[in-house]
Number of protein chains: 2
Amino acid sequence: MDHNSPNVFVYLVDDEFAVRDALALLIKASGWSVKSFDCAQDFLNNYYHEFPGCLILDVKMPVMGGLELQEELIKRNIKIPIIFISGNADIPDSAKAFRAGAVDFLEKPFEKSILLERIDEAVQKDIKARQQLLEKASIQDCFNRLTTREKEVLQLIVNSHSNKEAAKILDVSPRTIDAHRARVMDKMQAENVAALVTMVMSHELLSQTFAPREVQ
Amino acid sequence: MDHNSPNVFVYLVDDEFAVRDALALLIKASGWSVKSFDCAQDFLNNYYHEFPGCLILDVKMPVMGGLELQEELIKRNIKIPIIFISGNADIPDSAKAFRAGAVDFLEKPFEKSILLERIDEAVQKDIKARQQLLEKASIQDCFNRLTTREKEVLQLIVNSHSNKEAAKILDVSPRTIDAHRARVMDKMQAENVAALVTMVMSHELLSQTFAPREVQ
DNA sequence: GAACGCCTAGGTATTTATACCTATGTATTT
DNA sequence: AAATACATAGGTATAAATACCTAGGCGTTC
């Protein structure tokens, strides 16, 4: 296997040199770029926010443990997928890790092949999440350029109201809705209503106070 | 707290009477309807598919253990949220449970308040999942009534093609698209394109081979 | 062979949306 | 005071969707 996307990093945080050494070797042999650290703080200072990857994290470490680092990452809104590895953790540790979104929690010693599978899974998860974030940010940028009135009109368009209906609801002339609508389509770079709805729906841009459909 | 939605059930599966007895009392005191079983098979035979709820499940049991039951439920496509409780399970057990979707994995003895919190969480999760399933089934029903050609036209409508474009793509007269389109709108009970797109998008009805938007 | 479902496609009329244009009042910023 | 941004709304024209109608061809089922 060869994962030489040059900008994907597998981070490895463990206070024991022997573990870092052995795992780094294993993971590099699978084609990944590995960055090893012996403490959580070093990882925090050297993590490349801009590139996808995953984190292999020891639970028990001096100063800052793996679970604490996970908390810190959540606080900082860093969503790198985490695979925990541990020598003497317990079930509450594992439960805490999983409930906070861990990909897996492996007890040392573990099957090397499982770790490599989890790395694949975690990296794919991160890449996908980043793509979605990019797309959302791009749409959100457009959305933020809309004026309040334009957002209202967008809401009405997406909620399937015709210009005439929207005009009644906002109590203005249909021509005014025309104007707003045209500006909305322009600013959102949408070619037509279907594209607009798709954009808004897939990223939950608007407060979904409306019911798109009732179940009979 | 009072959860007397008469049709929500908290299932409790544990081979020890003392555990069942104590927990059933606790959970009933919070207003839930509780169904207790001393083995996995009894639960499978008595689970009410049609009502929401959650499952509190012991890991170590004779005949069929909790993790085996979880597997069996997945096989049978039964998606009831599970809260595991265990006396002497290990981390791999917990990891397996979580990776298969468990809500939590509690070691006996556990804080009663945490169990009650997890029950709330799990039941809410099931109710939400069931609502989405209902909505999806309703839309899927309509969708299934479409002919192959109508599905193709729906695909084109949702992908933002005008009648004229769709006509070119399918190499038929625009009038034919008109006809198909009208039948699609009718069968899908959609009042307009926005509603149609919403329906299809929110339940990923069509193979998403198209890119709704490119990120610059 | 008749009935049915489906794809096909035209006629006609109405309603909507879209694309240009202009223009005024108001509030905010410079 | 001038410039800018925004909501407002009209004129005119074209394009598109929608709602009615009819109807032939084709394959399957009864």
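Just so we're clear, the structure is a prediction, and the values are computed from it rather than from any experiment. Convention: sequence-line order gives letters A, B, ...; per-chain numbering from 1. All values below come from the heavy atoms of this structure, side chains included, with hydrogens, waters and symmetry mates left out.
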Categorize B:Thr176 for me: base, sugar-phosphate, or nothing, with a 4.0 angstrom heavy-atom threshold over every strand shown.
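Base contact.
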Which one, [options], comes nearest to the side chain of [X]?
| X | options | answer |
| --- | --- | --- |
| B:Arg149 | C:dT8, D:dA9, D:dA17 | C:dT8 |
| B:Ser162 | C:dA17, D:dA7, D:dA16 | D:dA16 |
| A:Ser173 | C:dT18, D:dA9, D:dA7 | D:dA9 |

Would you kindly give the [atom1]-to-[atom2] distance between [X] and [N], to the nearest whole Å?
| X | N | atom1 | atom2 | answer |
| --- | --- | --- | --- | --- |
| A:Arg145 | D:dA5 | CZ | C1' | 16 Å |
| A:Asp178 | C:dC21 | CG | P | 15 Å |
| B:Glu165 | D:dA16 | CD | P | 9 Å |
| A:Ile177 | D:dT8 | CD1 | P | 7 Å |
| A:Arg181 | D:dA7 | CZ | P | 17 Å |
| B:Glu191 | D:dA17 | CD | P | 18 Å |
| A:Asn163 | D:dA7 | CG | P | 16 Å |
| B:Leu170 | C:dC6 | CG | P | 17 Å |

Would one find a side-chain N or O of [X] under 4.0 angstrom from OP1 or OP2 of [N]?
| X | N | result |
| --- | --- | --- |
| B:Arg175 | C:dC7 | no |
| B:Lys164 | D:dA16 | yes |
| A:Thr147 | D:dA7 | yes |
| B:Arg183 | C:dC6 | no |

Look at the rings of A:Phe43 and A:Tyr11 and say which category their plane angle falls in: under 30° parallel, 30 to 60° tilted, over 60° perpendicular.
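A:Phe43 and A:Tyr11: perpendicular rings.
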When you look at [atom1] of [X], are more than 12 heavy atoms from neighbouring residues, nucleotides or ligands closer to it than 6.0 Å?
| X | atom1 | result |
| --- | --- | --- |
| B:Glu111 | CD | no |
| A:Glu191 | CD | no |
| A:Lys168 | NZ | no |

If you assign each of B:Pro174 and A:Ala182 to its closest nucleotide in DNA chain C, which residue comes earlier from the 5' end?
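Nearest-nucleotide comparison on DNA chain C picks B:Pro174.
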Heavy-atom pair with the smallest gap, counting every atom of A:Ile157 and A:Arg181:
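Taking every non-hydrogen atom into account, CD1-CG, 3.6 Å.
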